[in-house]
Amino acid sequence: MDKYYERIPQEMFEFAQLDSEIHDEKFKTKARGFFADAMLRFKKNKSSVVAAYIIGFLILFAIVSPLISENVFHYTIEDKDNVYINAAPYIPSIAAKEWGIWDGSMTMNSQSQLQLDMLYAIGQETGLNPVIGEPVATEREEMYRGKPRKVYSYAVKVNTYYKVGVKNMVMSYSEFENIQKWQNETGVQVIFPAVDKRDIYPSKIKDLSSIADNPNIWYQCTDNKNTPKTDSNGNLVPAYCTDKEKEGAPYNSIRIEGDNGDYIYSIAKSGSVLVRVCYYNYFWYTHDSEPNFILGTDTYGRDLFCAIGKGARFSLIFALFVSIINLSIGAFAGAYQGYYGGWVDLICQRLMEILSGMPFIVVTTLFQLYMAAKVGVVGAFLFAFVLTGWIGMANLTRKQFYRFKGQEYVLAARTLGASDKRIMFKHIFPNALGTIITSCALVIPGVISSETSLTYLGIVDLSKFSGTSIGELMKNGQQTMTTSPHAMLYPSIFFSLLMISFNLFGNGLRDAFNPSTRGTED
């Protein structure tokens with residue numbers, strides 16, 4: 001078979017640059033350095049790039065969320081509300097649109113007719129109806145005095161903030177006057193008429209000591225089970241107190257509808273007054289705004305939006321600080337081991353084997369018991385991480401030095417008279433820097449995971465130092481998962497996103513700095 005070039009006509013061939021001199025030409029493109037080349041490889045890993053954006057968003061959240069809570073909603077991590085505990089996410093402006101989100105709602109199952117009546121009574125008195133939508137009735141049959149009867153229970157969707165209704169509060173005369181002034185300025189009713197139990201229950205009930213005070217019972221009842229009494233039109237009959245002799249302080253502010261000046265609004269106590277206040281409006285009075293809890297509240301009544309940010313701040317800063325310390329110690333120790341070898345390497349390896357054999361959770365517990373009193377909880381926690389945390393970095397650096405110390409450029413530097421220190425940190429260490437940085441990025445999620453686990457288990461209590469932590473929020477939220485799932489859900493989502501993103505980000509850095517190990521684990 002003829003060769004291809006033999007079938008091409010000879011006249012089609014011509015010499016190129018026959019009479020010209022050929023020289024090397026300068027590169028027309030800009031030379032790329034090691035880190036620039038690594039960045040190009042990193043950008044091709046889409047999952048790692050997305051993880052980097054998520055990490056950036058989470059860090060921004062940790063910085064911004066406490067600032068928003070403190071400056072916009074006036075909540076700090078120290079603000080604990082003992083009424084709005086584990087309250088659902090709520091933003092009044094969105095709740096008013098009835099979109100079904102951020103409405104502070106929860107579903108209360110198996111509610112009796114009396115309990116349902118009380119919820120409606122709260123809305124009737126305060127103007128803040130806690131019942132959202134129509135209750136769903138469930139019919140069942142039970143025996144009563146030997147006869148079957150139908151009993152109804154209800155599943156009711158309620159606004160957890162309105163559901164609180166009215167609370168009894170003992171306050172000073174000055175605060176009572178200040179609330180009245182605020183009411184006059186805003187037109188918002190905080191103080192409601194006083195109620196005496198003797199006005200609620202029928203006269204045939206002589207012993208009222210066994211009946212618990214319920215500030216939301218403002219209407220007359222027919223029995224001690226709080227069955228409401230209604231008039232001929234089916235309306236509740238108010239039981240507000242009109243005895244002026246019981247009045248604690250004069251009331252000169254706005255009055256509820258239907259009050260012609262007959263009701264009293266406080267009952268005298270020793271040096272103070274007992275007052276019924278609508279807690280939602282009282283919160284408005286004390287905070288200069290209605291409740292705005294974007295992620296709800298936790299077990300202590302703290303703003304969860306602020307608490308997650310505060311806990312995340314500590315976790316990220318602590319993890320970064322631990323990583324830097326372990327990087328410094330491990331890099332120097334591994335460098336000397338890998339460069340000199342021999343008895344230096346032997347002694348250091350035996351020491352690291354002893355330290356690495358100590359269970360981390362035992363070390364942390366002992367440090368918290370015996371060292372925390374002297375250096376603080378965080379100091380003892382930091383020592384526990386540093387005691388063994390540098391070992392992995394040391395082994396990695398040692399491996400890199402064993403790999404590079406026999407290279408030709410190292411031998412050339414030694415031949416030219418370079419000192420050991422210069423060879424170690426000017427020639428070998430920069431070549432191992434990419435792998436070390438990658439390892440440092442992978443250490444951060446490990447520290448955060450350990451810190452969260454230990455605070456979740458209650459071994460370490462960081463609340464006095466940082467206000468809270470992600471682990472503490474998850475621990476507290478676990479206790480109310482069935483009734484208030486948001487208290488556990490949002491800290492868990494933040495923690496999960498942080499862990500997954502850091503691991504994907506670290507894997508992307510590893511593949512970028514060392515393409516030969518792409519897709520493998522160290």
Side-chain angles (χ1 to χ4, degrees), residues 30 32-69 89 101-102 294-296 304-324 326-327 389 392-393 396 432-453 455-456 469-471 473-474 477 485-522:
K30 187 177 179 180
R32 285 201 303 262
F34 173 72
F35 286 98
D37 191 57
M39 182 56 67
L40 286 176
R41 287 195 294 269
F42 178 81
K43 289 179 179 179
K44 294 179 181 179
N45 191 329
K46 301 302 181 183
S47 61
S48 297
V49 172
V50 172
Y53 279 112
I54 294 175
I55 292 171
F57 170 77
L58 296 177
I59 293 174
L60 184 64
F61 176 88
I63 296 171
V64 172
S65 62
L67 297 177
I68 293 176
S69 292
I101 57 172
W102 278 305
I294 298 175
L295 300 180
L304 200 57
F305 183 71
C306 177
I308 292 176
K310 282 284 188 179
R313 276 187 187 181
F314 174 81
S315 296
L316 290 167
I317 294 173
F318 183 78
L320 183 61
F321 194 56
V322 168
S323 298
I324 291 173
N326 289 338
L327 170 63
M393 188 65 67
L396 179 64
L433 192 59
T435 305
I436 294 172
I437 291 175
T438 303
S439 179
C440 185
L442 291 170
V443 166
I444 292 176
V447 174
I448 294 175
S449 178
S450 299
E451 176 261 323
T452 303
S453 300
T455 52
Y456 177 81
S469 66
I470 300 296
L473 293 173
M474 292 170 62
H486 70 277
M488 178 72 173
L489 177 64
Y490 294 123
S492 300
I493 289 175
F494 186 94
F495 176 70
S496 300
L497 283 176
L498 197 62
M499 292 296 98
I500 294 171
S501 299
F502 259 114
N503 280 297
L504 290 174
F505 178 71
N507 290 336
L509 284 181
R510 181 198 60 202
D511 293 343
F513 281 109
N514 190 1
S516 62
T517 61
R518 186 182 299 275
T520 64
E521 296 293 339
D522 291 334

| task | Please name the pair of heavy atoms, one in Ser323 and one in Val443, separated by the smallest distance, quoted to 0.1 Å. | result | OG-CG1, 3.5 Å
| field | Which atom of Leu67 lies closest to which atom of Arg313, heavy atoms considered | value | CG-NH2, 3.9 Å
| message | Looking at every non-hydrogen atom in both residues, tell me the closest pair between Met499 and Pro445 and how far apart they are. | response | SD-O, 3.4 Å
| field | Heavy-atom check, side chain of Leu473 versus side chain of Tyr490, under 4.5 Å | value | no
| field | Reported CG-to-CG distance for the pair Asn45 and Asn507, which is rounded to 0.5 angstrom | value | 8.5 Å
| note | ring-ring contact (aromatic ring centres under 6.0 Å, His included) pairs touching residues 39-58, sequence neighbours excluded, are Phe42-Phe505
| What are the two closest non-hydrogen atoms of Pro66 and Ala62, and how far apart are they? | CD-O, 3.3 Å
| Where Ile470 and Ser315 come nearest, the two heavy atoms and their spacing | CG1-OG, 4.3 Å
| message | If I take atom CZ from residue Phe494 and atom OG1 from residue Thr452, how far apart are they, to the nearest 0.5 angstrom? | response | 9.5 Å
| Inter-residue atom distance Ile294.CD1 - Ile68.CD1, 0.5 Å rounding | 6.5 Å
| message | Taking CZ in Phe321 as the centre, count heavy atoms belonging to other residues, nucleotides or ligands within less than 6.0 Å. Is the count above 12? | response | no
| Minimum heavy-atom separation for Met474 to Met488, with atom names? | O-SD, 3.0 Å
| query | Between atom CD1 of Ile500 and atom CD1 of Ile55, what is the distance when rounded to the nearest 0.5 Å? | reply | 11.5 Å
| Can you tell me how far the OG atom of Ser469 sits from the CD1 atom of Ile448, to the nearest 0.5 Å? | 12.0 Å
| So, the side chain of Ser496 versus the backbone of Ser492: is there a donor-acceptor pair under 3.5 Å, distance only? | yes
| ring-ring contact (aromatic ring centres under 6.0 Å, His included) against Phe314, all qualifying residues, sequence neighbours excluded | Phe318, Phe465
| task | Nearest 0.5 Å please: distance from the CZ atom of Arg41 over to the CG atom of Leu509. | result | 11.5 Å
